[in-house]
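Throughout, residue positions are numbered sequentially from 1 according to the sequence presented. None of these values were measured; they are calculated from a predicted model.
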Amino acid sequence: MQRRGRLTCSLVTLALILSLAAIALGASDKKASAPDPGRMVPEVSLILPAPSYDPIRYEAGVMAAENWKQLGIRVRVEPMDFTALTQRMESSPWNWNAYISGYVSRPERLDPDVLLYRPFHSSGILDGGPNTSGYKNPEYDKAVEAQRCEMDQAKRKQLVFKCQEILTRDLPAITLYHVHEVQAYNKNKFTGLVPMTGYGYWNVWSVLAATPISSDKIIKVGRTADIDSTNPLVTGGGAGIELMRLMYDTLTRVGVDGAPKPWAAESWEVKGPKTVIVNLRRGMEFHDGKPVTAADVKFSYDYIKKWAIPIYVPFLDPIDSIDVLDNYTLRFNLSAPFPGLFQVTFAQIYILPKHIWENATQREKVSKPQDWKCPNPVGSGPFKFEHWRPGEELKLSSFRKHFSPPKADGLILVVFANPDALFQSLKNGSIHMHERRLLPTQIEEAKSLSFLKVDTKPDFGVYYMSFNLRKAPFDDLQFRRAIAHTIDYDTMVDVLLNGYGEPGRGMIAPANEAWHNPDAAFYEFNLNKARDILRNAGYEWDNQGRLYYPAGKR
C-alpha cells in the first residue's frame, strides 16, 4: 500500500509539474507576442479540387487545413472545378497560398525527368508555366539539368536521387499520398483489356485490344471531368491529353512494360550522343486521307516548340534541329544528350497535319494556335473525331486505315457529375469502364459484381500540396517545414484511401523503384514539432492562439 501511495503521489506530482510547465509555456507564448496587428500571419488560401471531382484530395485538404488552424493559422479553403483550379494555380497574380493537385500515372512519367524538371526548374516560372510554386534554386537547376543529359544510368540515378533530396529539403511541395490504381470493366461486354502498372485498364493498349463479345460494339468510358478543348495544343487536364493520344499518333508509345515501343516511328538509330535517325512508318494517313510524311513530323516539333506550349517545352528544349532526309526519314540533332528522348519526347509530341496547321492563325484569325477552337480535329491516330457535346460526351470512331486499328467500332467518353453517379452507371451496365480509379468505398462492391473484372496495380503518380513561394508566409522555409509536420499521412491512407495507397514519399513514387530515393527526408505528422519549429524561428502567438511573424521580419 505504501509503495502504491508513493507511486500515486509521484504521478500526481508529475502531472502537476507538467501542467504548470504547459501553463508557463502558454504564458510565455502570450507574453512574447505582445501582438502588433501588422505582424499577424494573414489568412492563407488553400485551393482544392471540388469533392465532386475527387473527394479524397478534397478531404485531404480539409484535414490539413484543420491542423493548420491548430497552429494558429487562419485558413480559407476554396474548392473549385478542376479546370478553374488549374487556370488559377498557373497564372498571375498568383492569388493563392497553397493548392492540392496531382500527377496521375502516365507511362512517360516513369522517366524521372517529367516530374523533376518540368515542375521545379526555374525556367518554368512564368504565366502558364509548369513551375507553379515559383521555386528557384541554382543548386537544384544544376542537378536536374545534369540528370537529363547523363546517358550513364548509374550516374544519372545519383543525380536523380540528389534532386529528390533537395526537394525534400526545400519543400516547394509536399507529396501527400500515392494510390493503388483499382479499375474495373464489364467483362461480359468486352474482352482482351490489358492492365498497365500505374494506369489500370484505361490505357491505349487496352482500348485498342478491347474486343466486343456482345451487341455493344462501342466502348463507353465514364469520367467525372470533361476535356478542356478539342485543340490538341490546349492542355490542362488528363482527360484531354489521353483522348488526344487516341486521335493523334506519336513517334513512340510507352508499352505495358514501361519501355518505349515503335509507333509512327517504325525504327530509329542512335548515330551518336546527339544524333538520332528516325525511320517513319510508311503508308500512314491522316483522317482526311492526306499522307503522313517526315515533313509533318518536323513541322509538328518545330511548331509546338515555336509556340512554346508549356507542357511540352522542357521535352523539346534538347532538340536543336530536325532535318528531313526524305519522305520517311528524319535526323534529330540534339543540343545535348537526352536519355528521355524516346520515352518522354517521342511519346508525347503529337504528329499534326502540316496542311491544316501551318496557316491556322491567319485562317482562323487568332493570335496564337492555342486560341483556335479546332471543332473538328484531324489526326492520324487509331480513333477519329465524331462529335463533342461539352459536359455530356465525346465520341470517337475507329480509324480502320490505321496500322493498328481498334477491335471495337469506337469509343464514347461519358461525363458524370460525380464518382457515385459514374459508379452507378458502371453497375447498371450503361458504361463499360471508367477512366480514373474506383473510390475506396466502391472497391468491395465492385469486386462482388460477377460481370466486372477488377484489377489493382501500384500507382507511380503523386498527389501533392504545392506552396506559393512568391509570397508570405510560404516564402519562409521554416514555415514550410512546420507545415510539413501537419500532414496526417496515416489517416489519409487508412481512412480516406481505405488502405489502398501509401503515404507520400516524394515526387518519384516508391512504385517507380528504379528512380525512387528511399532515403530522402520524410516529415512525420507531429503538431508539437511543427509548433517548435515555428517558435524556434521566432514566430509567436497571441492570447487567442493566433500566429504572428517573427519580430522585425514583416
Side-chain angles (χ1 to χ4, degrees), residues 47 85-86 89-92 94 96-106 108-150 156-176 178 235 308-318 336 338-340 344-345 348 460-471 474-477 479-481 483-484 487 504-509 512 515-517 519-523:
I47 56 177
L85 184 151
T86 300
M89 73 190 194
E90 290 181 348
S91 306
S92 58
W94 315 107
W96 53 270
N97 295 104
Y99 69 82
I100 289 181
S101 190
Y103 285 102
V104 299
S105 290
R106 293 203 194 107
E108 69 277 1
R109 288 177 178 167
L110 283 167
D111 189 282
D113 185 75
V114 180
L115 296 179
L116 295 179
Y117 185 91
R118 181 173 168 266
F120 301 110
H121 189 272
S122 62
S123 63
I125 303 175
L126 43 85
D127 253 6
N131 186 341
T132 54
S133 67
Y135 175 61
K136 187 174 184 178
N137 181 344
E139 180 191 9
Y140 183 81
D141 280 358
K142 182 178 178 180
V144 80
E145 288 167 4
Q147 66 80 30
R148 69 183 343 225
C149 298
E150 181 55 68
R156 188 184 183 210
K157 187 170 185 176
Q158 290 179 351
L159 291 164
V160 168
F161 274 30
K162 181 178 181 180
C163 289
Q164 294 172 72
E165 290 166 1
I166 295 172
L167 288 179
T168 56
R169 182 194 71 200
D170 290 355
L171 294 172
I174 297 173
T175 304
L176 303 176
H178 311 283
T235 55
I309 311 302
I311 193 172
Y312 301 119
V313 165
F315 316 127
L316 291 171
D317 277 348
F338 182 45
V344 179
T345 305
Q348 291 198 84
F460 52 84
V462 292
Y463 294 85
Y464 64 94
M465 177 184 290
S466 186
F467 306 123
N468 188 351
L469 276 57
R470 302 171 183 84
K471 57 194 296 187
F474 288 98
D475 61 342
D476 180 4
L477 176 58
F479 186 89
R480 299 197 301 274
R481 286 180 175 168
I483 290 297
I487 307 303
R505 290 295 186 271
M507 295 302 291
I508 306 298
N512 193 353
W515 299 107
H516 172 70
N517 183 351
D519 298 323
F522 174 70
Y523 298 80

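Listed by chain and residue number, nothing satisfies the salt bridge (Lys or Arg N to Asp or Glu O under 4.0 Å) test with Arg109 (two or more places apart in sequence, or in another chain). With sequence neighbours left out, Gln158 forms a side-chain hydrogen bond (donor to acceptor under 3.5 Å, both in side chains) with no residue at all. Partners of Arg118 according to the salt bridge (Lys or Arg N to Asp or Glu O under 4.0 Å) rule, which considers only residues two or more places apart in sequence or in another chain, do not exist here. Taking Thr345 as the reference, nothing meets the side-chain hydrogen bond (donor to acceptor under 3.5 Å, both in side chains) condition, with sequence neighbours excluded. The side-chain contact (heavy atoms from CB on, under 4.5 Å) search around Asp141 returns His121, Ser122, Glu145, not counting sequence neighbours. Every salt bridge (Lys or Arg N to Asp or Glu O under 4.0 Å) that Arg169 has, sequence neighbours left out, goes to Glu139.
The two residues Thr132 and Glu90 come nearest to each other via the heavy atoms CG2-CG, 3.9 Å. Nearest approach of Pro119 to Val114, heavy atoms of both residues: CD-O, 3.5 Å. Taking all atoms of both residues into account, the shortest heavy-atom contact from Ile311 to Pro314 is O-CD, 4.0 Å. Here the closest heavy-atom approach between residue Asp170 and residue Tyr135 is recorded as OD2-OH, 2.6 Å. Contact record, Met89 with Tyr99: SD-CE1, 3.3 Å, taken as the closest heavy-atom pair. In terms of heavy atoms, His178 sits closest to Ala509 at ND1-CB, 3.5 Å.
In this structure, Asn512 contributes its side chain and Phe460 its backbone to no donor-acceptor pair below 3.5 Å. Although no hydrogens or angles enter the test, the distance criterion places no donor-acceptor pair under 3.5 Å between the side chain of Ser466 and the main chain of Ala173.
One distance of note links CG of Leu116 with CH2 of Trp515; it measures 10.0 Å at 0.5 Å rounding. In this structure, Phe474 CZ and Leu171 CG are separated by 11.0 Å, a value rounded to the nearest 0.5 Å. Atom OH of Tyr523 is separated from atom CZ of Arg481 by 5.0 Å, given to the nearest 0.5 angstrom. Interatomic distance, Lys142 NZ to Gln147 CD, rounded to the nearest 0.5 Å: 14.5 Å. The CE atom of Met465 sits 4.5 Å away from the CD1 atom of Ile487 when rounded to the nearest 0.5 Å. Residue His516 holds its NE2 atom at 9.5 Å from CD1 of Ile508, rounded to the nearest 0.5 Å.
Residues Arg470 and Ile125 meet the side-chain proximity criterion, which asks for heavy atoms closer than 4.5 Å. Between Arg148 and Phe315 there is a side-chain heavy-atom pair separated by less than 4.5 Å. When side chains are defined from C-beta on, Tyr464 counts as touching Tyr103, because their heavy atoms get closer than 4.5 Å. In this structure the side chain of Cys163 never reaches within 4.5 angstrom of the side chain of Met507, judged on heavy atoms. Side-chain contact between Asn517 and Val160: absent, with no pair of heavy atoms (C-beta onward) separated by less than 4.5 Å. Counting only heavy atoms from C-beta outward, the side chains of Ile166 and Phe120 never approach each other to under 4.5 Å. Taking 4.5 Å as the limit, every side-chain heavy atom of Ile100 sits out of range of all side-chain heavy atoms of Tyr463.
For Phe479 and Phe467, the gap between ring centers reaches or exceeds 6.0 Å.
Residue-environment remark: NZ (Lys136) stays at or below the threshold of 12 foreign heavy atoms within 6.0 Å.
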